[in-house]
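Worksheet: the structure to be examined is printed underneath.
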Amino acid sequence: SVALSPIESARTYYYRAYCVNNLMSYYGETKDFSFTWDTGVDYEQLKEREALQIRQWLSDNQIDVITLSDFLSDTVTSNAETGPDITRNEYVLFDASGVYMQIIRRGEGRIIGDDEMWRMNARYVERYIGSGDTLTMNLYQQDPDVFYVKRTGNNYAASFISGIMASVYGISVPSSWTIMIPYIKPGYLNGSSSAKVRLIVPHSQGTQVAAKSVYPTLYEIIITTQK
């Protein structure tokens with residue numbers, strides 16, 4: 001079979017998801033319209049390509065990688081937008097997952113508490129790191145993407161309710177998105193300051209399409225809450 005590029009994979013999935021939504025509306029009930037495709041490329045080769053793409057992205061964008069222990073000392077990642085050192089472009093690396101995170105602003109609300117469930121609103125852009133092309137986004141949609149997050153101890157479970165991500169990829173929130181939750185304090189919609197985060201995400205921490213096609217993504221996400 002012919003291998004699909006990450007952009008083709010996402011666009012194919014988006015188109016099929018669009019068709020599925022219309023079919024479901026037509027039938028007036030939930031049906032199983034699931035589908036898969038075979039890239040026909042060796043998995044180890046795809047992982048090597050992904051690792052190279054991430055390293056190239058870090059180099060091209062002059063990203064300063066800091067350790068988790070350094071980050072936890074002040075939970076700050078310097079960046080050109082909010083500083084404090086506007087000459088640096090810092091991301092913290094979570095070694096266990098391979099996710100890189102940059103907090104542009106934490107927000108002016110509070111951190112989600114244990115055993116709480118919050119309704120989150122997200123404006124985001126999803127890009128393919130291999131080329132920088134946009135895969136999906138909702139910056140110009142009338143409504144933000146909406147998802148619920150439940151904290152139990154140090155574990156965070158999340159599911160989409162509505163929006164582009166839910167339509168294209170299903171209700172499962174990428175695990176990379178939950179990595180940021182312990183460190184942000186999103187304000188209320190149309191109220192106090194939102195949180196803004198950038199994530200560099202390997203396939204294993206991304207959407208089901210990224211996981212299947214083995215490609216890395218960059219997310220820029222603006223979060224508010226309707227708790």
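Not a single donor-acceptor pair under 3.5 Å links the side chain of N79 to the backbone N or O of E90. Checked by atom type and distance alone, the side chain of T152 never pairs as donor or acceptor with a backbone atom of D115 at under 3.5 Å.
A donor atom on one side chain and an acceptor atom on the other are not found under 3.5 Å apart for Q208 and Y169. Under the 3.5 Å distance criterion, with hydrogens and angles disregarded, a donor-acceptor pair is assigned to the side chains of Y128 and Q53. A donor-acceptor pair shorter than 3.5 Å cannot be found between the side chains of D64 and N89. There is a side-chain donor-acceptor pair under 3.5 Å between T67 and D70. A donor-acceptor contact closer than 3.5 angstrom links the side chains of T136 and E126.
For the atom pair CD (E108) and OG (S194), the distance works out to 9.0 Å, reported to the nearest 0.5 Å. Here D60 contributes atom CG and I129 contributes atom CD1; the two are 11.0 Å apart, rounded to the nearest 0.5 Å. Atom CZ of R119 is separated from atom OG1 of T224 by 10.0 Å, given to the nearest 0.5 angstrom. From I181, atom CD1 reaches atom CD1 of I223 across 6.0 Å, with rounding to the nearest 0.5 Å. Here CG of L93 is found 12.5 Å from OH of Y91. Values are rounded to the nearest 0.5 Å.
Atom CG of D74 sits in a crowded spot, with more than 12 heavy atoms from other residues, nucleotides or ligands closer than 6.0 Å.
With respect to E81 and K196, a salt bridge is recorded, a charged nitrogen being found less than 4.0 Å from a carboxylate O. Classification of E50 and R55 as a salt-bridged pair fails, no side-chain N sitting under 4.0 Å from a carboxylate O. Ion pairing between R198 and E220 holds under the 4.0 Å rule for side-chain N and carboxylate O.
For K47, the side chain to side chain contact (heavy atoms under 4.5 Å, CB included) criterion is met by Y43, E44, H203, V214, not counting sequence neighbours.
Other residues sharing a hydrophobic cluster with Y140 under the 4.5 Å side-chain heavy-atom criterion for ILVMFWY residues are V125, M137, L139.
Note on ring orientation: taking the six-membered ring where Trp is involved, the planes of F147 and F160 are perpendicular (angle over 60°, cut-offs 30° and 60°).
Linking ILVMFWY residues whenever their side-chain heavy atoms come closer than 4.5 Å, directly or via other members, leaves V76 and L72 in distinct clusters.
Within the structure, side-chain hydrogen bond (donor to acceptor under 3.5 Å, both in side chains) contacts touching residues 172-186 (residues at least two apart or in different chains) are S175-Q205.
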